[in-house]
Visitor: 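Right, I'll just put the structure down here and ask away after.
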Amino acid sequence: MAYENYRYKRKAAQCSACPLDGGCKVWGLSGIQKPQVVLLGEAPGEVEDAQGEPFVGPAGKWLRKAVKYTDLPYYSLHKTNVISCRPPGNNIESTEGWEAKEHCRPGLLQELKDVGAKVIVPLGAHATHALGIEGSISKVRGSIYPLKWTDGKLHPVEEGSYDVLAVPTFHPSFIMRGQIKQESTWINDLIKAFELVTKKYKPPRENFKLFPTASEIVETLNWLAKEKKRIGVDIEATSLIAHRAELIVTGIAWSGEDAISIPHISQYGRQLWKPSDEKKINAALRKVLKVCPTVFQNALYDTRVLEARGFPVRNVEHDILLLDHAINPELPHGLGQIVSRYGNTPFWKDAVVGNASRMIDMDPRTLRLYNARDAVVLLQCLDPMLKDLKKFASPTVYHDISIGLIPPCQEMMNNGLPISKSRLQKFRSDVQAQVEAVDKQIHEEFELPATFNLSSGAHIRWLLYGIEPPNFKKKKQQLAEYTAPGSNKKTNTKAYRKLLGDIEAIRQTQPLIYVVKPAKTESGQSAIDKQQMMRLTVALNNRLNEIENLKRRTKKHEDEKRRLYKLQRFIELFHQYQDRSKVLSTYTSYEIGPDGRVHFPYKIHGTYTGRLASGDKKKLGVGNAQNIPYEARKLFKAQKGWKFLQADYSNLELRVLAYVSEDDVLLKAFADYDAGHGDKPHAVNAKNLFNIDESHPDWKSRYNLAKRYIFGRNYGGSLRGIYEKIMQEDPTLTLTFNQFKEIDRRYRSLHPQYDKWYNETVSTVKKTRKLTNAFGRVRYFQGQENEIVREGLNFPIQSVAADVMNYALIELYHKVYKRDDCLLMGMVHDSVLLEVREDALSDIAPIVRTALERTFDIFGHKVSFPIDIEVGDDWYNVEEWTG
DNA sequence: CAAATACGCGCG
DNA sequence: AAAGCGCGCGTATTTG
């Protein structure tokens with residue numbers, strides 16, 4: 001389409017005084033005479049500078065692509081920058097850049113005024129700040145800011161009339177440079193901004209009763225209960241830990257605009273309510289939470305606190321967090337983020353805490369306003385979110401699974417796992433001694449200075465490879481500054497000691513260097529992980545063999561041999577150190593509740609696949625229940641007269657793979673095995689692939705090879721990658737890559753359905769960037785193609801396995817939660833853990849079996865997944881239940 | 001000095 | 001250019 005370009009040269013800019021003095025080289029530009037939207041960038045880059053047009057470089061390419069998702073054509077937008085000339089090194093943060101911003105400002109403002117668009121979209125922090133909008137871009141993005149002209153300047157207004165609307169969002173180069181996960185948020189922001197051209201902007205009305213009287217509260221609550229209104233609920237409490245948390249204020253909203261604050265305890269030591277009034281308020285609140293359908297943001301936590309304070313919540317109808325997760329699990333789910341997409345309250349989260357260090361010390365008006373906003377936004381977002389849920393995702397997954405999981409998760413969190421304090425104490429001191437012993441051993445054997453820190457990657461890199469830390473020169477310089485004559489720097493500070501230690505450790509340590517090109521980590525450092533140690537070990541053993549087989553060995557060879565043995569020994573001890581110190585630091589201390597149990601947290605929205613996540617050490621002080629090493633499971637011991645019962649799905653993911661890919665061979669292998677007349681499916685694979693059986697001398701290694709191959713494929717591994725992994729784990733294996741490729745060809749020809757499923761999944765994820773699992777759960781893939789292909793191959797398997805467990809867990813919960821002879825305590829992806837009174841084991845075991853082995857419909861197959869039940873005194877010593 | 005990033009590793 | 005998936009947490013180190 002041919003259209004004329006309308007260029008805008010900044011007449012008001014003070015170019016002669018500007019260090020860039022490009023003579024306003026890159027003009028503002030639009031394809032129509034009266035553009036309604038301004039896209040405001042930062043500064044021209046190389047391509048822009050050369051062509052004299054804004055957004056014609058790589059960032060512009062991303063921008064054009066994003067604008068395609070909106071209702072406005074790219075040419076109709078006025079494109080311009082905060083500064084019109086290219087700063088040195090493309091860096092607007094440079095001195096020249098800062099100065100240019102000042103000199104360009106009058107021109108920029110005049111340009112914005114002359115263009116007279118309805119909406120300005122500042123891209124990135126600099127553009128946003130240029131409009132007078134404060135705060136970090138990740139927080140203010142997506143909010144609508146009404147701006148007004150006063151004295152030739154543009155500034156945000158809280159209320160009243162406005163001249164233009166601004167919707168800040170990310171700069172395209174931010175997305176381009178790796179923040180691809182933010183792309184859909186970014187596009188959403190642009191859509192939202194452009195819609196303001198035709199949609200009437202409705203500023204948020206806030207009918208908040210922040211300081212109601214007792215009778216106003218009771219009246220309002222009674223009315224809500226009588227009408228059974230749907231309410232948005234948000235609480236502020238003194239702690240996130242349920243048994244410690246005191247309620248400060250509860251905000252209740254009954255529309256996107258109306259809310260009331262219900263303060264519970266006094267702030268600033270004032271007596272809040274007369275006891276008689278408090279009683280009435282509490283009764284009314286209890287009633288409301290009993291009869292009204294409620295909407296929460298993360299009901300899992302708020303309802304736990306409410307329940308602990310005597311306000312049980314009967315009807316959680318919606319949870320905005322779970323809703324957002326069900327719609328698009330890869331998006332960030334903070335309430336601010338959600339509201340920027342679905343609500344109309346501008347970003348308000350900065351208000352929280354403020355100068356006060358604790359919620360309760362906040363100014364009451366600020367706290368209550370914040371709390372009321374948290375409540376109303378839930379109802380603002382709900383309907384548009386439900387629409388998106390239906391359009392883009394699965395209402396069933398949200399209602400039946402996500403919401404359904406709230407009670408079982410709360411049950412597991414409330415029940416927790418009983419822990420033996422005496423075992424814990426002994427375990428801790430044992431592991432501590434082990435760490436100290438191996439640490440001492442390494443320092444002695446390798447004559448390392450005391451300052452050599454085995455936990456420091458930099459020190460280890462020096463020792464193994466002789467690679468100095470990248471900042472080593474700088475450190476030496478800093479040290480010199482400390483000791484320089486006349487220096488006023490104190491040499492007894494922590495920073496100084498650290499500096500000195502690092503330098504000493506390196507100076508006094510002789511590297512072991514054995515030249516094997518170390519693998520690189522993501523940021524380009526030399527790897528020092530287990531895998532790399534394995535590689536080193538293989539290489540040095542080869543070299544030792546080589547030397548051993550030499551006809552003539554010189555003294556040089558003998559020296560080399562000694563060095564190699566030394567390195568071998570170091571790797572052995574270092575591995576022990578890594579292993580022991582990991583256990584010591586992570587698994588020898590637990591936050592134990594007043595009931596002597598560890599209340600591990602669970603999150604329903606924590607993963608992209610629908611698995612539960614566990615742990616919230618930072619906020620709740622309790623870690624992850626799902627990665628506790630076996631040795632530490634001994635710490636969790638049943639109360640007297642009770643037993644641990646663990647139910648595990650057997651080969652869940654592989655079974656799911658069989659059904660999802662409809663792989664006849666695998667399905668038959670499972671069917672035979674379950675009927676009691678067949679080998680384990682992995683054994684069937686091994687037999688098919690290698691034409692051998694258990695009697696063959698290589699059986700064991702071939703069996704493992706087959707297993708690892710399937711496992712690697714299941715996660716989208718490349719053939720080369722799987723091959724290398726296999727060779728590292730079993731260096732004795734004689735297998736060339738070509739032979740391995742042949743195995744792969746053979747497997748695929750033996751499993752045509754699997755092969756077809758694999759190819760179809762890859763092409764679907766590439767084409768649509770969306771997959772829907774057998775239960776309707778969706779995932780939108782954001783990322784590079786090769787990355788999302790691997791994730792895509794895994795998603796239909798891992799997510800279906802997760803949902804099998806989710807449904808089963810919900811069913812199990814409903815069967816056991818009322819019983820006083822058993823407690824649902826935890827789950828680890830494909831297993832559940834209960835504490836059962838000994839005399840009830842024979843009752844409970846079949847209940848667990850029935851719930852977990854319930855039938856599912858997977859692509860028309862009526863299927864059930866078999867479990868193993870184990871029972872024991874603690875979590876480690878569980879054995880197959882035969883009773 | 002707190003927050004953010006990098007690396008490595010426990011579990012499934 | 002190639003990278004096996006999904007998590008949370010500890011230590012070291014850099015960043016603001």
Side-chain angles (χ1 to χ4, degrees), chain A residues 136 329-330 453-461 469-471 474-475 493-495 498-499 501-502 519-533 574-575 577-589 600-603 605-633 648-649 651-653 657 708-726 779 781 783-799 801-802 805 826-831:
Chain A
S136 78
E330 291 201 15
N453 182 356
L454 290 167
S455 296
S456 160
H459 294 189
I460 297 292
R461 270 178 204 102
N471 59 358
K474 205 171 112 195
K475 281 192 176 172
T493 59
K494 231 179 173 176
K498 172 90 180 73
L499 204 56
D502 280 344
K520 294 282 190 270
T521 67
E522 198 165 319
S523 73
Q525 299 226 63
S526 299
I528 53 164
D529 60 352
K530 257 192 205 164
Q531 204 182 338
Q532 174 63 19
M533 296 300 147
F574 182 58
H575 178 66
Y577 175 83
Q578 299 255 69
D579 175 63
R580 292 297 82 196
S581 61
K582 174 72 178 171
V583 172
L584 177 66
S585 62
T586 315
Y587 303 108
T588 58
S589 96
F600 292 106
Y602 287 89
K603 277 200 278 277
H605 67 282
T607 70
Y608 297 158
T609 58
R611 277 185 174 186
L612 295 183
S614 172
D616 203 343
K617 192 82 188 194
K618 243 175 151 173
K619 267 159 61 184
L620 302 182
V622 191
N624 186 347
Q626 303 192 129
N627 70 346
I628 295 180
Y630 282 98
E631 60 181 312
R633 294 186 182 190
D648 297 64
Y649 281 110
N651 275 316
L652 182 56
E653 288 204 357
L657 174 64
R708 289 203 191 95
Y709 164 76
I710 300 290
F711 190 54
R713 290 228 103 205
N714 192 1
Y715 293 146
S718 68
L719 279 192
R720 171 63 72 172
I722 301 169
Y723 172 71
E724 284 188 355
K725 205 121 195 165
I726 288 173
R779 174 167 171 188
F781 295 84
Q784 293 177 45
E785 198 169 81
N786 46 25
E787 191 179 36
I788 68 174
V789 162
R790 297 195 309 272
E791 294 164 353
L793 283 166
N794 175 251
F795 175 76
I797 315 300
Q798 189 184 116
S799 69
M805 178 51 105
M827 67 91 74
V828 190
H829 308 308
D830 65 356
S831 72

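Below, read A as the first sequence line, B as the second, and so on, with proteins coming before strands; counting in each chain starts at 1. Keep in mind that this is a model prediction, so the values were computed, not measured.
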Visitor: Would you find a donor on one side and an acceptor on the other, under 3.5 Å apart, between the side chain of Tyr649(A) and the backbone of Met805(A)?
Guide: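 Judged by distance alone, no pair lies under 3.5 Å.
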Visitor: NZ of Lys520(A): more than 12 outside heavy atoms within 6.0 angstrom?
Guide: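 Yes, NZ of Lys520(A) has more than 12 neighbouring heavy atoms, counting only those of other groups under 6.0 Å.
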Visitor: Assess whether one donor atom and one acceptor atom, taken from the side chain of Glu791(A) and the base of dC5(C), lie less than 3.5 Å apart.
Guide: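 Answer no: no donor N or O sits under 3.5 Å from an acceptor.
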Visitor: Which nucleotide in the set dG6(C), dG4(C), dC11(B) lies at the smallest distance from any side-chain heavy atom of Phe711(A)?
Guide: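 It is dG4(C).
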Visitor: If you find the nucleotide of DNA chain C closest to Asn794(A) and the one closest to Lys618(A), which residue's nucleotide is nearer the 5' end?
Guide: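 Result: Asn794(A).
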Visitor: Select base, sugar-phosphate, or nothing to describe what Lys603(A) touches, counting heavy atoms under 4.0 Å on all strands.
Guide: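 Sugar-phosphate only.
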Visitor: Can you figure out which of dG10(C), dG4(C), dG6(C) approaches the side chain of Lys725(A) most closely?
Guide: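 Closest nucleotide among those given: dG4(C).
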Visitor: Looking at Lys582(A) and dC9(B), is any side-chain donor or acceptor paired with a base atom of the opposite kind under 3.5 Å?
Guide: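 Such a pair is found, so the answer is yes.
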Visitor: Could you check Arg611(A) against Ile528(A) and say which one's nearest nucleotide on DNA chain B is further toward the 5' end?
Guide: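 Between the two, 5'-proximity favours Ile528(A).
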Visitor: Check if the side chain of Asn627(A) and the base of dG10(B) share a donor-acceptor pair of N or O atoms closer than 3.5 Å.
Guide: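 Checked by distance alone, the answer is yes.
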Visitor: From dG12(B), dG10(B), dC7(B), pick the nucleotide closest to the side chain of Gln798(A)?
Guide: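 Nearest to the side chain of Gln798(A) among the choices is dG12(B).
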Visitor: Rounded to whole Å, how long is the line connecting atom CD of Glu653(A) with atom C1' of dC5(C)?
Guide: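 These atoms are roughly 8 Å apart.
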Visitor: Looking only at side-chain N and O atoms, does Ser523(A) come under 4.0 Å of OP1 or OP2 in dC7(B)?
Guide: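 Answer yes for this pair, as a side-chain N or O of Ser523(A) is under 4.0 Å from OP1 or OP2.
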Visitor: Just N and O in the side chain of Ser718(A): are any of them under 4.0 Å from OP1 or OP2 of dA2(C)?
Guide: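 Result: no.
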Visitor: Asp529(A) has an atom CG; how far is it from atom P of dG4(C), in whole Å?
Guide: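 Checked: the CG to P distance equals 13 Å.
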Visitor: Quick one: label Ser614(A) by what it contacts on the DNA or RNA (base, sugar-phosphate, nothing), any heavy atom closer than 4.0 Å.
Guide: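 Sugar-phosphate, no base atom in range.
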